[in-house]
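Below is one structure, written out as structure tokens; comments come after it.
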2 protein chains.
Amino acid sequence: MIADLGPIDSATIQTQVYQRLREALFNGALLPGDSVTIRALATRLGTSPMPVREALQRLVAEKALIQLPNRTFRVTPFTTEMFIELMRVRMTVEGMAAAEAARRFSSRVERRLAQHNAAMIRAIERGQADAVMRANRRFHFELYQAADMPQLLDIINGLWLRAGPYLMNAHRSLDDPTIFFRSGVLFHERIMAACAARSPKRAARAIAGDIWHSARFFRRNVGKINAPYPPEREPRTSTAVTSEEGGHHESVR
Amino acid sequence: MIADLGPIDSATIQTQVYQRLREALFNGALLPGDSVTIRALATRLGTSPMPVREALQRLVAEKALIQLPNRTFRVTPFTTEMFIELMRVRMTVEGMAAAEAARRFSSRVERRLAQHNAAMIRAIERGQADAVMRANRRFHFELYQAADMPQLLDIINGLWLRAGPYLMNAHRSLDDPTIFFRSGVLFHERIMAACAARSPKRAARAIAGDIWHSARFFRRNVGKINAPYPPEREPRTSTAVTSEEGGHHESVR
DNA sequence: TCTCGAAAATTGTGATCACAGATCACGATT
DNA sequence: AATCGTGATCTGTGATCACAATTTTCGAGA
């Protein structure tokens, strides 16, 4: 009955592994098609294979990774069609969250949204693409969180996790990411205006517009982002890169 | 390069365990709040704890189970608020699927939908509640599958998995489930009409109506379905029922 | 130079064991 | 009779080992 504050509760190892992989996917540190192996990760993280196994299984459940007939793990690669489907789902799901956020809009989240967007503008001016993407993410989730629908937020998290390896790498394929980033800022302003006007429909439309607009930029580059093609065999498939393999990219750290 | 058909590919044990638990949840064989333990399940299924561990972790990832601070597993219990949120999410997500299905509607799925609905009517007349729920499920997923959006279908599967323990048990709390079942049939006819008319908006509205209507029946009974309340302690919580405990219900078989 | 095949290395899966934390059962103490 | 403490039991977590399937490597044969 003591008010024991400080529930430090440092998570289990498998949770830590899971969160690091999740962050790596969110940030685009892992490319679609990259293979991930249990032992290699365990060695790199200094644990036994067990926690890694469970973390990978969880990511498979969230469709962030796939398990080939091979049983080997890979960052889920998308075809253009799948990417478009994902963006369509995002438009309606995140549109719903935006609509609800507009209903519950408060000056507090209004202020924070403005801050995130300002940070995004600053990052654009400084040419810090990573910071831009980070600010963009914060803006969106600040909004979605304001909807106060935990289960909906979970779904959105899953969508971003799957889209991360693409969205966070796609801007590198653009000649001038700046103009792309700036249009994002404009959409964000539209979203804030809709929320300030307490208009759910406008907010949903604005979010959908933001998503669709960015999708237009990326659609053509979906293929370019994928890791070197894995050959498609029969009962199982493809090679497994294990760990280093040439300073490629798969940096789980 | 041989066209080896018959990919019987009897899955791994963990997959089998997962699917059985999934089915148990879908059918409402497990009540919200029921506790599930690794060793008990492993013993009952005649395997080692390993496959069960991974299956449970996966279900946790899908929010079908929760892990208390205790680390013990429980079938996710819902508050009324959470249940309503879930139903709202279902309305827009499944509404989207219905809309897309309406666009792609074919006489083939029209025929099959009619069959499922007919089966539902027959089951109602015979008073076979379980068969009613089964036919209802087939009807919905026949429709959603027709949308041809695999990722959206995955999300819907997750929603049903979480709702299963409630929806599949709630009709038992009704005085006369028949009138509830029959209204479902009417909504289904509305849905089919909308699809036949190739009207995405009407299809989405009809699905949302179906979901909301059923939610109204269940809302009051959310609390009644939950398994006996687990006491909420501090760092972790509640007892673990392990296995039999008095012929209660948790039949994973 | 290319093709084929067998050994070697790598992969995920499953079983078993050890362990820390939590819960429960039971008995001594007040 | 009620309360508290102590040991027994149960829980999930992590480590280690064994194994079958697969992939890769590499050398023999054409």
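To find a chain, count down the sequence lines: A is the first, B the second, and so on, and within it residues start at 1. Keep in mind that the numbers below use all heavy atoms, side chains included, and drop hydrogens, waters and symmetry copies. From a predicted model like this one, the values you see are computed outputs, not experimental measurements.
With rounding to whole Å, A:Ile38 atom CD1 is found 5 Å from C:dG12 atom C1'. Rounded to whole angstrom, the span from the CZ atom of B:Arg71 across to the P atom of D:dG12 amounts to 11 Å. Rounding to whole angstrom units, CG of residue A:Leu56 and P of D:dG14 are separated by 14 Å. Atom pair B:Leu45:CG and C:dG14:C1' shows a separation of 15 Å (rounding to whole Å applied). Rounded to an integer number of Å, the gap from CD1 of B:Ile13 to P of C:dG12 is 18 Å. What separates CE of A:Met50 from C1' of C:dA20 is a distance of 16 Å, to the nearest Å. Atom CG in B:Leu68 sits roughly 13 Å away from atom C1' in C:dT23 (whole-Å rounding). A straight line from CD1 of B:Ile66 to C1' of D:dT11 spans 16 Å, rounded to a whole angstrom.
With no hydrogens or angles considered, a side-chain donor-acceptor pair links A:Tyr18 and A:Glu62 at under 3.5 Å.
An OP1 or OP2 oxygen of C:dT13 is reached within less than 4.0 angstrom by no side-chain nitrogen or oxygen of B:Thr12. The phosphate of D:dT11 (OP1 or OP2) has a side-chain N or O of B:Thr37 nearer than 4.0 angstrom. At D:dT23, one or more side-chain N or O atoms of A:Asn70 fall inside 4.0 Å of OP1 or OP2 (strictly under the cut-off). Close to C:dG12, at under 4.0 Å from its OP1 or OP2, lies no side-chain N or O of A:Gln67.
Judged by a 6.0 Å distance limit and a 45° cone about the ring axis, A:Arg162 is not positioned over the six-membered ring of A:Phe78.
Between A:Lys63 and B:Asp154 there is a salt bridge, with a side-chain nitrogen of the basic residue lying less than 4.0 Å from a carboxylate oxygen of the acidic one. A salt bridge links A:Arg90 to A:Glu94: at least one charged side-chain nitrogen sits closer than 4.0 Å to a carboxylate oxygen. With salt bridges taken as basic N to acidic carboxylate O contacts below 4.0 Å, one links B:Glu100 and B:Arg104.
Taking for each of B:Arg53 and A:Arg39 the nucleotide of DNA chain D with the nearest heavy atom, the 5'-most of the two is the partner of B:Arg53.
Using a 4.0 Å heavy-atom criterion, one finds that B:Gln14 contacts the sugar-phosphate atoms exclusively.
Ranking D:dT16, C:dG12, C:dT16 by closeness to the A:Ser48 side chain, first place goes to D:dT16.
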